[in-house]
**Q** 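Below is a structure I'd like to ask you about.
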Amino acid sequence: MYFVFFVGTAGSGKTTLVKTFNDYLRDQQMDSTIINLDPAVESLPYTPAVDVRDYVDAYEVMEKFGLGPNSSLIAASDLVLTKASEIKEEVEQLESNYVLVDTPGQIELFAYRETGRMLASLMAGENKRAMAFLIDSFIAKEARSFVSMLLLSSSVKFRMDMPTINLLSKVDLLTDKEVDLINSWSNGEELVDSLGTIDEYSYELIKLLVESLSSSPIPVSSTSNVGMDMFYAELQRIFAGGEDFLTEEGNPTL
C-alpha cells in the first residue's frame, strides 16, 4: 500500500482535496481508500474506511477536561495513540493500493509535536509514504506569507521525515497572473523585490529555501479538478524511488 498524508493549516482545503483525489484515483480504475485522523471534524464529504472518531471524540475530551477547542483537539490526538493497537489492526485490514490520510488543521501536531510523526508511523507501518503539504492560495498571494508557508512546509517535512509535495490549494480562487507570480517566486524570480526591505539573514534564508525546492508548488483545485494528473505523477516519482533521504550513517535511503 502507498500512504499519502494530507497536511496543512486550518482552512487550506485538505478534506475536500482528499475526496477529490480519491474520486480521481477511482475514476482511473485505481483502488483507494481514506483514513480520517481528525477527532474533531463534525461532518465529512466522504465515508472513511478508518475513522479516529470511533476511538476518541474531541468534544467529549473538551467537556471532560474543561479544555478549549484547540487544546482539546491536541489532547484528543494524543489520546488516539492509546488506541494504537486497535487502530493498527483496523488499518492492516485495508486492501487498497492507495490510502489517503486526512489530518487535523492544527499544524502544530506535525510541525512541533511528536504525535503527528507517531501517528503517521502507526498508520503506514513499513509501507511507502509521502506527504502532501497544502499551501493556501489565499495566503500565498502575499510574498512574505508565501515564504512563511514554505518555511512551515520545510519544518513539517523535517519533523515528519517523509518525501513532501507542496500543493497550491484552491487555485481556482487565483487569477492566471497570480499563479504565474507565485511560480516565479518559487524559482527565485522577483521574490526579493516583492518582499521589500529585508535584512541579510532573511535574504540568505530565503535564498537557501528557494534553492532547496525541487519544484514549484503544484496548483490544484478541488472544484475544477485542476492539478490531479500532476499530483499523481509526482507521487509516482516518489514511490518509484525518485527522492532520497539520509540514514543516520549519512547514506542515501528511502
Side-chain angles (χ1 to χ4, degrees), residues 1-9 12-15 17-18 21-22 25 30 32-38 48-50 52 77-78 80-81 84 87-88 91-92 94 96-135 149-169 186 208-209 211-218 220 227-228 230-254:
M1 291 190 293
Y2 302 115
F3 283 75
V4 185
F5 293 83
F6 290 74
V7 178
T9 54
S12 59
K14 296 182 295 298
T15 296
L17 184 60
V18 166
F21 192 59
N22 186 59
L25 291 174
M30 287 178 275
S32 63
T33 194
I34 301 174
I35 293 175
N36 171 47
L37 275 187
D38 189 345
V50 178
V52 296
S77 297
D78 288 341
V80 167
L81 293 174
I87 295 174
K88 185 173 181 61
V91 171
E92 288 176 344
L94 299 178
S96 300
N97 291 328
Y98 292 90
V99 180
L100 312 182
V101 184
D102 191 7
T103 68
Q106 274 65 16
I107 196 67
E108 57 265 38
L109 289 170
F110 306 96
Y112 315 122
R113 298 172 63 87
E114 189 65 16
T115 303
R117 184 172 177 177
M118 292 176 69
L119 284 173
S121 179
L122 167 68
M123 296 289 120
E126 298 299 318
N127 295 290
K128 287 191 174 182
R129 67 194 75 173
M131 182 169 61
F133 185 90
L134 276 66
I135 298 175
M149 292 301 293
L150 291 181
L151 288 168
L152 183 56
S153 171
S154 297
S155 177
V156 173
K157 178 180 179 180
F158 173 75
R159 186 67 178 172
M160 297 291 286
D161 191 25
M162 70 174 75
T164 300
I165 302 170
N166 286 322
L167 302 178
L168 184 63
S169 66
S186 302
L208 180 62
L209 179 66
E211 289 176 349
S212 70
L213 292 177
S214 58
S215 62
S216 300
I218 298 173
V220 296
M228 297 302 113
M230 291 181 62
F231 178 30
Y232 176 72
E234 187 65 11
L235 283 173
Q236 294 312 296
R237 184 190 71 81
I238 289 174
F239 290 143
E243 183 163 345
D244 292 341
F245 282 78
L246 297 179
T247 64
E248 292 180 356
E249 291 76 20
N251 297 316
T253 186
L254 277 180

**Q** With a 4.5 Å heavy-atom cut-off, do L235 and I165 have their side chains touching?
**A**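 Yes, their side chains come closer than 4.5 Å.
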
**Q** Give a yes or no answer on whether the side chain of R129 reaches the backbone of G125 with a donor-acceptor pair at less than 3.5 Å.
**A** yes

**Q** Determine the interplanar angle of the F231 and F6 rings, folded into 0 to 90°, and report it as parallel if under 30°, tilted if 30 to 60°, perpendicular if over 60°.
**A**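 Answer is perpendicular, since the angle exceeds 60°.
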
**Q** Between L119 and V80, is there a side-chain heavy-atom distance shorter than 4.5 Å?
**A**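 A side-chain contact under 4.5 Å exists here.
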
**Q** State, to 0.1 Å, how close S155 and A111 come at their nearest heavy-atom pair, and which atoms those are.
**A**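 Heavy-atom minimum between the residues: OG-O, 3.8 Å.
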
**Q** I want to check something: taking the side chain as every heavy atom from C-beta on, are I218 and N166 in contact at a cut-off of under 4.5 Å?
**A**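 Answer no - side chains too far apart.
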
**Q** Would you indicate whether E211, at its atom CD, is surrounded by more than 12 heavy atoms from other residues, nucleotides or ligands within a distance under 6.0 Å?
**A**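 Yes, enclosed.
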
**Q** In sequence, state the C-alpha distance, the side-chain angles, and the governing distance for M230 and E234, and then conclude on side chain to side chain contact (heavy atoms under 4.5 Å, CB included).
**A** CA-CA 6 Å; M230 291 181 62; E234 187 65 11; over 6 Å; no

**Q** Shortest non-hydrogen contact from A130 to I238?
**A** CB-CG2, 4.2 Å

**Q** Nearest 0.5 Å, please: how far is CG in L25 from CG in N97?
**A** 9.5 Å

**Q** Assess the residue pair L150 and I135 against the criterion (side chain to side chain contact (heavy atoms under 4.5 Å, CB included)); give the C-alpha distance rounded to whole Å, side-chain angles, the decisive distance to 0.1 Å, and a yes or no.
**A** CA-CA 8 Å; L150 291 181; I135 298 175; 3.9 Å; yes

**Q** Ignoring hydrogens, what is the shortest heavy-atom contact between Y112 and R159? Give both atom names and the distance.
**A** O-NH2, 3.7 Å

**Q** Does T15 reach the main-chain N or O of G13 with its side chain, forming a donor-acceptor pair under 3.5 Å?
**A** no

**Q** Under the side chain to side chain contact (heavy atoms under 4.5 Å, CB included) test against F21, which residue among L100, L167, I34 passes?
**A**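 Going through the options one by one, the only one that passes is L100.
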
**Q** Are side-chain heavy atoms of I35 and V91 found at a separation under 4.5 Å?
**A** yes

**Q** Heavy atoms only: give me the nearest S154-L209 pair and the separation to one decimal.
**A** OG-CD1, 3.5 Å

**Q** Dump the intermediate steps for salt bridge (Lys or Arg N to Asp or Glu O under 4.0 Å) on R113 and D78, then the final yes or no.
**A** CA-CA 10 Å; R113 298 172 63 87; D78 288 341; 2.5 Å; yes

**Q** Hey, mind stepping through V156 and T164 against side chain to side chain contact (heavy atoms under 4.5 Å, CB included) and telling me if it holds?
**A** CA-CA 9 Å; V156 173; T164 300; over 6 Å; no

**Q** Contact between L17 and V220 at the side-chain level, heavy atoms closer than 4.5 Å - yes or no?
**A**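 L17 vs V220: side chains touch.
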
**Q** Could you check if a side-chain atom of K128 sits within less than 4.5 angstrom of a side-chain atom of F3, using non-hydrogen atoms only?
**A** no

**Q** For the atom pair CG (L109) and OG (S77), what is the distance rounded to the nearest 0.5 Å?
**A**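 Result: 4.5 Å between the selected atoms.
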
**Q** Check whether any side-chain N or O of N127 sits under 3.5 Å from a backbone N or O of A124 as a donor-acceptor pair, and report yes or no.
**A** yes

**Q** Using modelled atom types only, decide if a donor and an acceptor are shared between the side chain of K157 and the backbone of M162 within a distance under 3.5 Å.
**A** no

**Q** Taking all non-hydrogen atoms of both residues, which atom of L122 and which atom of A84 are closest, and how far apart?
**A** CD1-O, 3.5 Å

**Q** Indicate yes or no: at least one non-hydrogen side-chain atom of P48 is less than 4.5 angstrom from one of D102.
**A**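 Of all side-chain heavy-atom pairs linking D102 with P48, none is under 4.5 Å.
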
**Q** Taking T33 for the side chain and S96 for the main chain, is one N or O donor matched with an acceptor at less than 3.5 Å?
**A**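 A pair under 3.5 Å: no.
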
**Q** Kindly indicate whether the side chain of E108, heavy atoms from C-beta on, has any atom under 4.5 Å from the side chain of F110.
**A** no

**Q** Between L134 and V7, does the side chain to side chain contact (heavy atoms under 4.5 Å, CB included) criterion hold? Intermediate values first, please.
**A** CA-CA 6 Å; L134 276 66; V7 178; over 6 Å; no

**Q** What is the minimum heavy-atom distance between L94 and M1, and which atoms define it?
**A** O-SD, 3.6 Å

